[in-house]
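These notes concern the structure reproduced below.
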Amino acid sequence: MPWALAVAVLGGGFGLLIGSFLNVVVYRVPNGMSVVSPPSACPGCHSEIKAYDNVPVLSWLALRGKCRSCHEPISARYPLVEATTGVFFVVVAIRFLPHGLLSEAPANFGASLLALVAFLYLAAISVALGLIDLDVHRLPRAIVLPAYAVGAVLLGASSALTGDWTALLRAAIGMGSLGLFYALAWFFYPAGMGFGDVTLAGVLGLFLGWLGWGPLAVGAFSAFLFGGVFSIALIALKRIGRKGGIPFGPWMLVGAWVGVFVGPAVWHGYLSLLGVA
Ligand SMILES: [Zn+2]
């Protein structure tokens, strides 16, 4: 238990810092700006934000949501993104927690750790991509494409440590099938899907497939379930026309994470119903 607590606290603290960085990514990447320079500045008065005013969540609270120099309001979205990423990282850390240094063989411990890092990375880009897609209806290639390499290397190394090659085969099948499915949807119904969704589908298929058939199936299905229910609700409430522009990326991401967390249980229940398991 102390081990679990330590991982949760470390994961949460790390998540807050990453969340702070994601605010920069979400703002700058769609504009083609560098995420490392120049340093963050107040959009109002352009004064550089000092390190002590850049502590996740706490600085915003201490400054009561206003710039120290010009007192222009700072959006509550920044601390919210930081806090959300912190909580997200805690939950992912608990889900992928290696059970302990002593209780596991070193290879298994290392494999769990690699999987944890891979899924923390997926969590971080999920926050960034979800927000960017909501903001500007795009899923920037600069974020999506490297995820193929990161996923393949980390999850590949994890499988190599345990010799679980079927996980890698599933990852390849997940990547190919989900990518192909979205490519067909994009080709035949371009109004409903952007090509960014197709590239993201391959990434999600890779990660979900590596985890298992349950996460892959539940993750893929949930995206359409949530996206569909939400669209129908909006149309019913007459908030949008039938051609309303809701990006699909956020639903793909939410669906994928539902697959990560409840996919194995739902899959097991489904196989039990069929009498297979
Ligand atoms: Zn200012």
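Whatever order the structure lists them in is the order used to number ligands and atoms, beginning at 1.
- Annotation: Tyr148 is not in aromatic contact with Phe207 [ring centroid separation under 6.0 Å not met].
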Scan the side chains in residues 19-26 for donor-acceptor partners under 3.5 Å anywhere in the protein, sequence neighbours excluded, and list what turns up.
{"residue": "Asn23", "atom": "ND2", "partner": "Tyr78", "partner atom": "O", "Å": "3.1"}

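- The aromatic rings of Trp251 and Phe230 sit tilted relative to each other, their planes meeting at an angle between 30° and 60°.
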Give the table of side-chain donor-acceptor pairs shorter than 3.5 Å for residues 5-16, with sequence neighbours excluded, one pair per line with atom names and distance.
none

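- When the shell of 6.0 Å around OH of Tyr270 is examined, it contains 12 or fewer heavy atoms from other residues, nucleotides or ligands.
- Looking only at protein N/O/S atoms, the ones less than 2.8 Å from the Zn ion (ligand 1) make 4 in total.
- Listed by chain and residue number, Arg77 satisfy the salt bridge (Lys or Arg N to Asp or Glu O under 4.0 Å) test with Asp135 (two or more places apart in sequence, or in another chain).
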